[in-house]
Amino acid sequence: MTAESIDLGYASEEQALADAVARLLRARGCGVPSAWSQELWRELGEFGVFALATPDMPGHGALAAVCEVLGNFAVEGPAAATLAVVPTLPKTERDAVVAGRALVSLGTPPAMPWGELADIFVQIDGREATLMHVRARQPVASLAREHWARVDWSAGEQLGDADAMLARYNLALGAYLVGAAGRLVETAAEHARQRRQFGRTIGDFQGVALPLAEIVTSIDAVQVLVRIAASRLDAQTAEATDFAAFARLAASRAALNAALRSHQTHGALGVTEAGPVFTLSRRIQQWALQAPSEADLRARLPIRLPLELGALLDGRAQSRLSAEARP
Amino acid sequence: MRLELSPAQRDFVDEIETFLDDWSDVDGYLVSENAPRLQDFYRALAARNWLALCWPREYGGLARPLIDEYLLWNLIGARRIARPPQGVGVVAKTLMRVGTDAQKAAWLPKIRLHQGTFALAYSEPEAGSDLASLRCRATRDGDHYVIQGNKCWNSRAHLADFLWLLCRTGSQEAHGKGLTLLIVDTRQPGVDIRPIRLMDGNVFTEIFLDDVRVPAECRIGGEGEAWKVMADALADERHVHFGPARVLADLAEALDWLGERAEDGRTETHAALFDVALDVLEAQALGLKVLEKTAKGEAPVAEVASNKIAHVKALQSIARTAMRIGGVDACLDGSPLDLLWRQTMTESIGGGTTEIMLGIVARRRLGLGASR
């Protein structure tokens, strides 16, 4: 038995790419609170971030590793939607999106995320994806502050392989949420290590420390799930797309819990508009609800677990999990 | 990302599964009384030297890597056959580490062959999680120690041949530094062990030690050195407890049962089970992190704490959600959910409470919670 046969990290080249993106974002002063920057978006395009989803992409592992970094730096923009849609677009549109010159809106009309600024609109409805021709748009406020708009539109061509698109979306979003959750809990922990009350740091109190410990335990788990999802998509296993959906749902649950706990830990600072938490919590909350929504996934995923996760460990218990529950 | 067993490991898993096929009637994991068949199982493991799978060869072991122990006990847990006996981990490995040659010769063969069983005697009525403040006293008297005090919440001591006793030889103010380990024969005069039946059918005990005379050569390590010895020993068996396969076994049982008795309103049922599924996935993922560290030969301290937190959360989620969905039928006629509901409460207490595990994670992962 070699130690190397169990390694839950990204491959070295995937991690190197993620580290390079992190250096770029650090140099640009990215973090919390964050703000939309067209300039940064183009720079990410030129760096090759959106090319990770092109047909000759290095693999889902690289995509997930980079998205974790984007989440950790709270980068604003339709990253998951972009990476989901890129391989399905006609070449001209694809080149512009990959370069960061064109913005993608992915959702279920009439209200579309990034609709106020987007150049390319894609409707996703269940398991079908269609290009949209937008005639008019009316900006609408959203919790997530993501420049939504209500659009007047007509259907265009169908985009191929919506299942693969959805799987990429779930993977990219799940990875982003892992990074974001990590940022939220680390910010909260740092605050708890510094803030003093009653003669000691607030992190000394179990009422502060233990809930954060519970959150970080969950984040560590969902990070593994997202990485395994990427690995399964690369291996094209039978349940890979379902597993990516489960990973996203688990990551979303962990990220929302991290956000709510981070709000609480920061006290009054945690509820300010410009503070370190709201910039992420509002997006985490809204993403759970917008198409392709968690409710959509939960409605069509079986309770049967994608047991390949623990194929090493399940033994013959795997064969006992035969019951399914569908609504 | 690499997640695969070597061919040799796959062969070992097959070997374990085939071996376990002959013991599928043993149901000693959730409720482990002294059933003869359970003892036969341990003896069968001993006959293969699997109780000493990772022991050094100089002590009669097979010198296999720790991951083999992980695989073995995880698969045994999947079938709910048995938990690791208390002697083969902490006791045996501590003896190997700090025991005298005479102590190793006296007890290691007994443990390896399942001819002498141990119970850990740590907790006291006033010292549970805070073991360093325990009061049971051992006073040196010539070639013996005389022990006075009582222990509580000790698992299955009434069935054990020996106690692995943590007692105070130093001052109370010395706290952890005043503690010493002794091996006590449970048949010694003055040892009175009384069972406490738990809500899940298992038995804890209360142990009364009244002027119990123990030869000084039964002291393990030096006087006042027990706390450090125990800290070192904590890493000895973390990897064999709280394996993810048991979680899947619980989920399988609950889903099998609910398949027959699901309530109306399946959308709500589906939503409730979905969150259970996510809890189970998280428990499996953290089991993999323990496996990763163990496979590398590293001590999985924070990982084991996280794993136990998630393991317990998933078990309780399964049992409590299934019971809620199952309605009153889940409480009747010896329903399996009845036992799971009762048993999973114990899981968050024994082997380190969830609060203690969270404290470990808080300190090691976040640098928080320095004061208690």
Side-chain angles (χ1 to χ4, degrees), chain A residues 1-11 61 185-186 189 192-193 200-201 203-206 208-210 212-214 216-218 220-225 227-228 230-231 246-247 249-250 253-254 298-299 301 303 305 307 309-310 312-318 320-323 325-327, chain B residues 1-6 8-9 13 17 65 67-68 74-75 78-79 243-245 248-249 251-252 255-256 258-259 262 266-267 269-271 273-275 277-278 280-289 291-292 295-297 306 309-310 355 358-359 361-362 365-372:
Chain A
M1 174 72 189
T2 59
E4 291 76 19
S5 61
I6 309 289
D7 186 345
L8 302 175
Y10 288 116
V185 81
E186 179 47 40
R193 289 191 291 263
R200 60 184 65 185
T201 61
D204 276 359
F205 295 100
Q206 289 186 350
V208 174
L210 299 197
L212 285 172
E214 193 163 3
V216 83
T217 295
S218 195
D220 286 348
V222 302
Q223 186 181 56
V224 171
L225 295 178
R227 292 176 181 191
I228 291 179
S231 169
F246 272 106
L249 292 170
R253 186 175 77 163
R298 283 172 176 255
L301 283 172
I303 293 299
L305 293 177
L307 293 177
L309 166 65
L312 297 178
L313 315 170
D314 300 348
R316 291 175 193 170
Q318 185 168 348
R320 295 182 59 204
L321 270 165
S322 57
R326 287 184 185 274
Chain B
M1 163 69 58
R2 274 184 301 274
L3 200 60
E4 59 191 33
L5 293 178
S6 68
Q9 240 54 36
V13 167
E17 296 277 31
I67 190 167
D68 285 8
N74 185 55
L75 291 172
R79 305 228 197 172
L248 288 174
L251 179 64
L255 287 180
D256 285 348
L258 288 171
R266 298 192 71 196
T267 299
T269 299
H270 185 83
L273 288 174
F274 215 96
D275 280 306
L278 295 184
V280 170
L281 276 173
E282 285 193 23
Q284 288 187 281
L286 290 174
L288 287 174
K289 286 187 75 77
L291 183 64
E292 181 188 37
K296 290 177 181 173
S306 292
I309 292 164
E355 288 79 2
L358 286 170
V361 172
R365 290 279 284 107
L366 301 173
L368 301 176
S371 69
R372 307 294 171 115

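This one's a predicted model, so the numbers in the text were calculated from it and none came from an experiment. Per chain, numbering begins at 1; letters A, B, ... match sequence-line order.
- Of the possible polar contacts, one joining the A:R193 side chain to the B:L366 backbone as a donor-acceptor pair under 3.5 Å is found.
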ask   = Are B:D275 and A:R253 close enough, and set up right, to give a side-chain contact (heavy atoms from CB on, under 4.5 Å), and what steps lead you there?
value = CA-CA 9 Å; B:D275 280 306; A:R253 186 175 77 163; 3.6 Å; yes

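- With sequence neighbours excluded, no residue forms a ring pair (Phe, Tyr, Trp, His ring centres under 6.0 Å) with A:Y10.
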ask   = Taking it one step at a time, do A:D220 and B:R365 satisfy side-chain contact (heavy atoms from CB on, under 4.5 Å)?
value = CA-CA 10 Å; A:D220 286 348; B:R365 290 279 284 107; 2.7 Å; yes

Chi angles and distances behind the side-chain contact (heavy atoms from CB on, under 4.5 Å) call for A:L210, B:L368 = CA-CA 9 Å; A:L210 299 197; B:L368 301 176; over 6 Å; no

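- Proximity to chain A is limited to the side chain of B:I309, based on heavy atoms less than 4.5 angstrom apart.
- Summarising the geometry of B:A362 relative to A:A213, their closest heavy-atom pair is N-CB, 3.7 Å, with the distance given to 0.1 Å.
- Here A:V216 is the residue among A:V222, A:V216, A:L212 with the most heavy-atom pairs under 4.5 Å with chain B.
- Taking all atoms of both residues into account, the shortest heavy-atom contact from A:I6 to B:L291 is CD1-CD2, 4.0 Å.
- Of the listed residues (A:L249, A:I228, A:L225), just one forms a side-chain contact (heavy atoms from CB on, under 4.5 Å) with B:L281, and that residue is A:L225.
- The CD atom of A:Q223 lies 10.5 Å from the CG atom of B:L286; values are rounded to the nearest 0.5 Å.
- Taking each heavy atom of A:S218 and B:E282 in turn, the nearest pair found is OG-OE1, 2.8 Å.
- The shortest side-chain heavy-atom distance between B:M1 and A:D7 does not fall under the 4.5 Å cut-off.
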